[in-house]
Each structure stands twice: as C-alpha cells, then as structure tokens.
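Heads up, the thing below is written out as structure tokens.
As the structure lists them, so they are numbered: ligands from 1, and atoms in each ligand from 1. Positions are given from 1 along the sequence.
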Amino acid sequence: MAEMQARPTNFIRNIIDADLEAGKHQTTHTRFPPEPNGYLHIGHAKSIVLNFGIAKDYNGFCNLRFDDTNPEKEDIDYVNAIKKDVNWLGYQWHDEVRYSSNYFDQLFGFAEELISKGLAYVEFSNQEEIRSMRGTLTSPGKNSPYRDVSIEENLKHFHDMRDGKYKEGECCLRAKIDMSSSFMCMRDPVIYRIRYANHHQTGDKWCIYPMYDFTHCISDAIENITHSLCTLEFQDNRRLYDWVLDNITIDSRPHQYEFSRLNLEYTMMSKRKLNTLVTENYVSGWDDPRMPTIAGLRRRGYTAAAIQEFCQRIGVTKMENTVEMGMLEACIRDDLNENAPRAMAVLDPIKVVIENYPTDSVEWLDAPNHPNNEDMGSRKLPFTREVFIEREDFREEANKKYKRLVIGKEVRLRNAYFVKAERCDKDENGEITTIYCTYDDTTLGKLPADGRKAKGVIHWVSASEGVPAEIRDYDRLFTVPNPAAAESIDEILNPDSLIIRNGFIEPSLLESQAQQAFQFERLGYFCNDGTKNEAGNLVFNKTVGLRDSWAKIEPK
Ligand code: ATP
Ligand code: MG
C-alpha cells in the first residue's frame, strides 16, 4: 500500500485507474514510438518515463516501436542510438523491437478495405490543386473530381501505385471523409504516397509508404495498445485516429490521450533543428555535451536517475509551459552531491614551492572520498614540495573578505597542511609565475597548538605526481531562453559554451572510467569523457557547477 501511495500520479494514470476499475482493460499496454530521424532528446525522456513508467507500475507492457514511414529521413544508426538510449535510461521494452514497417503488408490490406468500402480514393490532382481544394479554417474545402471514381478503378489505381506504375507525386491515396469538417485533418487526408526510396527495414520492397496518421493508429491496434499517449499537437488528429479504427476490421481498440510536450529554456528540442546544429558543425555531434540529447546529457555526466527524477518533478499535464534549465541542473546536482566521490583538480594552475618541505619526498596522505559518507572510503593523495593551486586562489595582498592565499597569511591545503605565502616571482609582464610558501608540519589533520586559524581551505594538486588533463568547461549553448524563436543561430550562440582548460588532476583519477562522475572540490561536477585529447591526456567534462550561476540574483 505504501508503494501505491508513493507512485507519481497524473491525469493519465487516473484514466488508467478508472479503465482498470471499470474492467475496460485487464492490463495496460503502452508504447514509445520514436521516428528514427535523429537522436532522442530530453523531451523524449518525458514520454519514455511516462510510457515505460506506467508499464512498470501497473505490471503492464510497453513496446518500443519505430515509427518508420519516412525512409529518406531515417537511418539505421538512429535506430541503434535510440535503443541504446532507452536501455541506458533504465527501461526494457516488451518482446522484440517493433517497426511500423513490420505492418506494411497489413496496412496495405486495410487501405484496400477502405477503398472497397468507398472510403478511400486515388487522387491524381497535383499538390497545388489539392491545396487549393482544401479550404481554410474559416471556409470549407471542395470535393476532388477523383472522389467519386468507382471502387474497382480505385483498387486498380492503388495496385498500380504499389507496382511502380506512377511517378512520385503523380498520385496518392486519400481517405474519403469530409471536405467541410472543422478539423482540417479530416478533409480527405492523404494516407499513402509514392516514394522511390530504399527503406532501412524493407529495402526496395515498397515504393508507396503509408502516412503517420493512418499508420500509427493501426500499429497501436495490431500491438493491442490500450493507452496511446502522445503530445498535444496530435489532439485534432485523434478524430482521424478514431475514424480509421472505426472503419477497418480489427478487434483491438486503443485510445489516444494527449499531454503537453516538454519545453526547456536555453535549448531547442526539434530534431530538425538539432540536426542543423550537428550538420553545420555548431556542435561536435549528436552526443556533444551541450546538446539536449540523451547521448549528449550522458556524455555531459548526467545520470539516468537524475533524468528520471527530472521527469517526475515536471509531471504530466495538458498545460503548455517552459521549464527552467535550473530545474534539470538541480536534479543532477542533487544526485552528484550525494553520490559523486570528491577529487582535486586545478584548472588554471600556478606553481607553489614549499621551501621548507624536503625535496624528492612524496607523502601519501589519506583523503576521504565523501565528507558525509564514510562508506565511500578514502584514497591516497601525493603531497610534494611543489604543488599547483588555482591562479585565482592567490593574491599578493587582499582584504579580509578574501579567504584564500595572501602573502604573509596562512590557508589550509585541502586534506593536507597549513601553508603560508612568503613571496612570489613574476615574469616581464607582471604575471605571477611562482609562489613561495612555508608549511607547518604539525597541522596535518589537526589545528596548530597555538590556536592559529587559516584564512580558508583551497584545493591543490601535486606538481610532480599530478597528471595533466584536458578539462572541458561547458556552459549553455545559447544565450537566450527561447533559442528556437531566433532568426539565426549565430546571433544567439554563447561564445563561452566551451572553454578548454589544460589543468592537472590528482593521480587517482587515472583509474576512473568513462562517464564516471566526480566533484572536483570547489569547482563543480565533472565526468571522465572516456576519450583522450591529441596530447594523450584524459578529458573531463564539466557537468554542472556547485551552485546555479544562472539563477537570478534577487535584489536585497
Ligand atoms: P521532434 O519534434 O523533436 O522531432 P517528434 O515528436 O517528431 O519530436 P518523435 O520521434 O515522433 O519525435 O517522438 C516520439 C515520441 O516522443 C512521441 O510520442 C512524441 O510525442 C514524444 N515527444 C517528442 N518530443 C517531446 C517533448 N518535447 N516532450 C514530450 N514528449 C515528446
Ligand atoms: Mg514526429
């Protein structure tokens, strides 16, 4: 019972509960129907978590069905990437992967059935003529001259279409519904068109392909889907969904329900636009860590748990809205704050020489992997006479508010000793090149006996034992909350969306695995990219900062 209450609820789950209670269905069967024309994005995750989550919570089933009726835009690489992403998000589809193209023979048969019932006809008017006959939102359309051709002739024409006797665009099959319907999608919609295209599943078997509205409802029925969940732009099309199923001979009767799509600030979600970012090299690929794709988020260091949590937090409604990016970032930050081990890295290194520390000595210090979780264990950190700290963590002089290293003052090096800055060297441009310090050997793991306090705690990496690494400091790709509305991508690109830093990491990170996440102390969350750069160094990607740097600062 406790489990029942913990279940996230929404209007769709309420409908399912009512259907099950009324005995309308014995079980639930949902499906996730991506078109393999791009990678999955965070919007798809909303649909995946909804559909697969229902199957899981109701002990039902969820199919993965590729909606593959547009062979020119589709690709087997997208099929494979989508399967990988669904699995990675933590879901397994029922049985085999399905393809709408599995049903092309049956769909052809149902089209013949509609023609035989006088409910579909082959249209020979050209696109321009079809458009002018369609009417507008305020005026009815006109019947096509081909609407009343005999059933026999229509069947012959349709078979000729299939047999390759017509050119692309020469004719198409239309459902015969109502040219004066207030729903434009009911004004004799096209249900089959000619395309001489090789299909990733069916090869050259077909030169006619069914349209989405005809295919989707029938595929749902063939698969015994009970609740067909889609986004609100298909609301009107529900009439056509029902019309097709009402007019063909098929036992099962799925129903379509619509929910609002996810819109997320500072990103775009349409696969067509994402494809442009990839093909025009605005990003390095579909899995660029700045992309809102599942593959990009994974490479950025997002976990499946954080994406699932995000989908739970945003909920499922019929209300159109745009979610703040901070909400997605908060989910990964919450996850990593608890689960990511701590480590040290220096992104903008400046050398510190500890003059009273022995040369050539390496001391292996113990450092806890998590401040609040002893179970996460500890690691060994090499301490040496020369270390790197961040350039911004040192000033020759500063006021009391500056809690870092200043000449004449002491700070603690994280997990190590108190050090005091004595002096520094500069180059001919006045840039500081080396800082000279002394350390207090009584301060390892304890405070000095005389009660002295350090100004602050700063992170560091041994200069001789640390490892060079490329750290990719990612930020949002766009500077505006609604990039999809912009005229040109160039105007809204964030020039600082990727800053490459050649830093140093503690040597324990050499053991880390691809996508493994860490909190680099004081810097943020980073993950191992799983690749090496040209210099052969490990690459780490910034997932998110420790705090939301984009949050609006409220005036006091
Ligand atoms: P896009 O416009 O990004 O190309 P699409 O709807 O054409 O998206 P599909 O591959 O057809 O992409 O989508 C598969 C499923 O995912 C559909 O059921 C669709 O409604 C759902 N979906 C797509 N985008 C979103 C989104 N932003 N929010 C919620 N669900 C989405
Ligand atoms: Mg689509």
Side-chain angles (χ1 to χ4, degrees), residues 10-12 30-55 62-75 77-83 85-86 89 91 93 97-101 200 211-213 215-217 219-220 223 225 227-238 241 254-279 286 291-297 307-308 310-323 325 327-328 482-484:
N10 56 50
F11 79 97
I12 289 173
T30 52
R31 86 287 169 265
F32 172 63
E35 190 177 345
N37 61 348
Y39 277 54
L40 296 181
H41 52 60
I42 184 73
H44 291 115
K46 174 174 178 172
S47 176
I48 291 170
V49 170
L50 176 66
N51 280 294
F52 284 94
I54 286 171
C62 181
N63 292 357
L64 172 63
R65 183 200 314 140
F66 288 99
D67 170 28
D68 56 347
T69 55
N70 272 315
E72 301 105 317
K73 293 196 179 133
E74 298 165 7
D75 197 293
D77 290 345
Y78 294 136
V79 169
N80 293 329
I82 290 170
K83 289 198 275 190
D85 287 348
V86 171
L89 279 171
Y91 300 106
W93 46 90
V97 169
R98 320 293 168 111
Y99 297 86
S100 296
S101 56
H200 52 99
M211 301 295 284
Y212 172 86
D213 284 314
T215 310
H216 200 80
C217 53
S219 306
D220 282 348
E223 293 177 11
I225 300 303
H227 299 83
S228 179
L229 313 177
C230 65
T231 36
L232 278 173
E233 68 273 21
F234 294 103
Q235 204 157 14
D236 285 358
N237 301 54
R238 184 177 356 109
Y241 187 103
H255 284 273
Q256 176 184 304
Y257 302 92
E258 308 88 19
F259 61 95
S260 58
R261 38 192 317 123
L262 168 66
N263 300 304
L264 189 60
E265 282 186 349
Y266 295 96
T267 62
M268 11 210 220
M269 219 78 98
S270 125
K271 278 183 279 182
R272 188 178 53 79
K273 289 185 174 148
L274 296 178
N275 195 27
T276 305
L277 294 177
V278 174
T279 53
W286 284 96
M291 290 281 271
T293 52
I294 303 302
L297 290 165
I307 294 174
Q308 285 187 21
F310 172 70
C311 293
Q312 304 296 0
R313 287 188 196 175
I314 57 175
V316 177
T317 69
K318 274 182 172 293
M319 230 120 60
E320 293 283 5
N321 71 340
T322 301
V323 174
M325 191 61 153
M327 199 154 157
L328 177 62
N482 184 12

Side-chain touch Thr231/Phe259, heavy atoms, less than 4.5 angstrom
yes

Nearest heavy atom to atom 5 (P) of ligand 1: which of Glu258, Lys271, Arg31 does it belong to?
Lys271

When the ring planes of Tyr78 and Trp286 are compared, do they come out parallel, tilted or perpendicular, using 30° and 60° as the limits?
perpendicular

Find all atoms of ligand 1 within a distance of less than 4.0 Å from any non-hydrogen atom belonging to Pro33, and give their numbers and elements.
14 (C), 18 (O)

Looking at Arg65 and Glu223, does any basic side-chain N land under 4.0 Å from a carboxylate oxygen?
yes

Please determine if Thr231 has a nitrogen or oxygen closer than 3.5 Å to a nitrogen or oxygen of ligand 1.
yes

Do ligand 1 and Leu262 have nitrogen or oxygen atoms that lie under 3.5 Å from each other?
yes

Counting from 1 in the order shown, the ligand 1 atoms closer than 4.0 Å to a non-hydrogen atom of His41 are 3 (O), 24 (N)

If you define the side chain from C-beta out and look only at heavy atoms, does anything of Thr69 sit under 4.5 Å from His216?
no

Report yes if Pro34 has an N/O atom closer than 3.5 Å to an N/O atom of ligand 1; otherwise report no.
no

Please indicate whether any nitrogen or oxygen in His44 is less than 3.5 Å from any nitrogen or oxygen in ligand 1.
yes

Distance filter under 4.0 Å to Met269 heavy atoms, resulting ligand 1 atoms:
3 (O), 27 (N)

Kindly say whether Phe234 contributes a backbone atom to a donor-acceptor pair with the side chain of Gln256 at under 3.5 angstrom?
yes

For atom 2 (O) of ligand 1, which candidate among Arg261, Lys273, Arg272 provides the closest heavy atom?
Arg261

Using distance alone, decide if ligand 1 has a nitrogen or oxygen within less than 3.5 Å of any nitrogen or oxygen in Asp67.
no

Criterion side chain to side chain donor-acceptor pair (under 3.5 Å) on Tyr212 and Asn237, from CA distance to verdict
CA-CA 10 Å; Tyr212 172 86; Asn237 301 54; over 6 Å; no

Given side chains that start at C-beta, do those of Asn263 and Met269 come closer than 4.5 Å, heavy atoms only?
no

Between Phe32 and ligand 1, which residue portion shows a heavy-atom distance shorter than 4.0 Å: side chain, backbone, both, or neither?
side chain

Check the surroundings of atom NZ in Lys83: do more than 12 heavy atoms from other residues, nucleotides or ligands lie under 6.0 Å from it?
yes

